[in-house]
Amino acid sequence: MQGTIDGFSYGLVTPLVAYFMACLGGALGLRCTTRSMLVSHSWRPGWLALGSAAIGSGIWTMHFVAMMGFTVRGTPIHYDKAMTFASLAVAIVMVGVGIFIVGYKGARGTALFTGGTITGLGIASMHYLGMASMSLDGKLEYNTVTVGISVAIAMGAATAALWAAGQVRGFLWSVGASLVMGLAVSGMHYTGMAALSVHLHGTAEPATGESPAALLAPMLIGPLAFLLLAGVVVMFDPLMVMGKPTVAPVEHKPGIPAHTHVRHSAQRLRFRPRRTVEHRGSRTPQNR
């Protein structure tokens, strides 16, 4: 028996909150990635790790906030707790691999393509692993073509977001990029949900696992507290907000000896005519 799926049982509340969470995680993660490109190599891994955790937590929270509005008529839905949080780990690790590639190799060419691909696959893996954590009296089936489209959306969104992070521009630039990234991640989620169909078994066996209400507290409190902490770090770091590189004075320092050399050369040129005049004056009596 085919189950009736409703992905908006709370109306627009869950999609809007989910979109906000995706934008928040994306904004913090992109600013941390940008900050990593403005500091010395010793600080870079810390900023990249913070950015990876922010983006991973944002998209994971976005997914499960959206899933709170997902229902299947005729069967309760439960979640396996271990697999649910395993999807969070997958998101952070795979997003981290992509961000570290871009952070050390630059947001261009092969590095950007590789980092964006891995990050996009991490977003898609988190989504479908989170879907696999659902337990209900039925079987989940997916349309292969629609699943492929959702993965392509995730990869394209991740690549565009990492490119924006590598531009090292102002705060408004990253805000715009995070809004686009949030829209793409949400679009990927609901595209993947459109590929889903549920075939109900019709048995009386209860589903096993944690209920959505039992997962709500750890799902929201933990990642939200982390995103709040990351937001505080961003707000109190003026270089992250303004996007001005701290290494700029170092890059200009090699030019100082060059200017000094030019000044010495000018002084030599200024004194040479005097020496010539003096020599000519001393030789004149001898020639006479």
Colleague: By the rule that ILVMFWY residues connect when side-chain heavy atoms come within less than 4.5 angstrom, directly or transitively, which residues belong alongside Leu16?
Modeller: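 Besides Leu16, the cluster holds Leu12.
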Colleague: Determine whether Val180 and Leu162 fall in the same hydrophobic cluster, where Ile, Leu, Val, Met, Phe, Trp and Tyr are linked whenever their side-chain heavy atoms lie under 4.5 Å apart.
Modeller: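 No, no single cluster joins them.
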Colleague: What pairs of residues pass the side chain to side chain donor-acceptor pair (under 3.5 Å) test when at least one of them lies in residues 179-189, not counting sequence neighbours?
Modeller: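 Non-adjacent pairs meeting side chain to side chain donor-acceptor pair (under 3.5 Å): His63-His189, His127-His189.
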Colleague: Could you measure the distance from the CZ atom of Phe100 to the CG atom of Leu48? Nearest 0.5 Å is fine.
Modeller: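 Reported value, rounded in 0.5 Å steps: 4.5 Å.
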Colleague: Other hydrophobic cluster members with Phe113, side-chain heavy atoms of Ile/Leu/Val/Met/Phe/Trp/Tyr under 4.5 Å, chained?
Modeller: none
Colleague: Tell me if the centroids of the rings in Phe8 and Tyr190 come within less than 6.0 Å of each other.
Modeller: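 When the ring centroids of Phe8 and Tyr190 are compared, they turn out to be within the sub-6.0 Å range.
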Colleague: Which atom pair, heavy atoms only, marks the closest approach of Met62 to Ala22?
Modeller: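 Closest approach of Met62 to Ala22, heavy atoms only: CG-CB, 3.8 Å.
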Colleague: Does Ser87 have any side-chain hydrogen bond (donor to acceptor under 3.5 Å, both in side chains) partners at least two apart in sequence or in another chain, and if so, which?
Modeller: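 Once residues adjacent in sequence are excluded, the partners of Ser87 under the side-chain hydrogen bond (donor to acceptor under 3.5 Å, both in side chains) criterion are Trp60.
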Colleague: Just to verify, what does Ser150 make a side-chain hydrogen bond (donor to acceptor under 3.5 Å, both in side chains) with, not counting sequence neighbours?
Modeller: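 Applying side-chain hydrogen bond (donor to acceptor under 3.5 Å, both in side chains) to Ser150 gives Tyr128.
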Colleague: In chain order, what residues pass the side chain to side chain contact (heavy atoms under 4.5 Å, CB included) check against Ile149, with sequence neighbours excluded?
Modeller: Val145, Ile153, Thr191
Colleague: My understanding is that only residues two or more places apart in sequence, or in another chain, count here; which of them pass side chain to side chain contact (heavy atoms under 4.5 Å, CB included) with Val97?
Modeller: Ile101, Ile118
Colleague: Any chance you could lay out the side-chain contact (heavy atoms from CB on, under 4.5 Å) test for Leu88 and Thr84, step after step, and finish with the verdict?
Modeller: CA-CA 7 Å; Leu88 173 61; Thr84 298; over 6 Å; no
Colleague: Can you list the residues that meet the side-chain hydrogen bond (donor to acceptor under 3.5 Å, both in side chains) rule with Thr146, with sequence neighbours excluded?
Modeller: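 By the side-chain hydrogen bond (donor to acceptor under 3.5 Å, both in side chains) rule, Thr146 matches Asn143.
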Colleague: Please identify each residue that fulfils side chain to side chain contact (heavy atoms under 4.5 Å, CB included) with Ala184, with sequence neighbours left out.
Modeller: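 Side chain to side chain contact (heavy atoms under 4.5 Å, CB included) list for Ala184, sorted by chain: Ala157.
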Colleague: Indicate the atoms forming the closest heavy-atom contact of Ala111 with Lys105, along with that distance.
Modeller: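 Here Ala111 and Lys105 meet closest at CB-CB, 3.4 Å.
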Colleague: Considering residues at least two apart in sequence or located in another chain, which fulfil the side chain to side chain contact (heavy atoms under 4.5 Å, CB included) criterion with Thr4?
Modeller: Arg73
Colleague: Mind checking ring-ring contact (aromatic ring centres under 6.0 Å, His included) for Tyr10 and listing every partner two or more places apart, or none if nothing turns up?
Modeller: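 Counting only residues at least two positions away or on another chain, Tyr10 forms no ring-ring contact (aromatic ring centres under 6.0 Å, His included).
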Colleague: For the pair Ser133 (side chain) and Tyr79 (backbone), establish whether a donor and an acceptor sit closer than 3.5 Å, ignoring hydrogens and angles.
Modeller: no
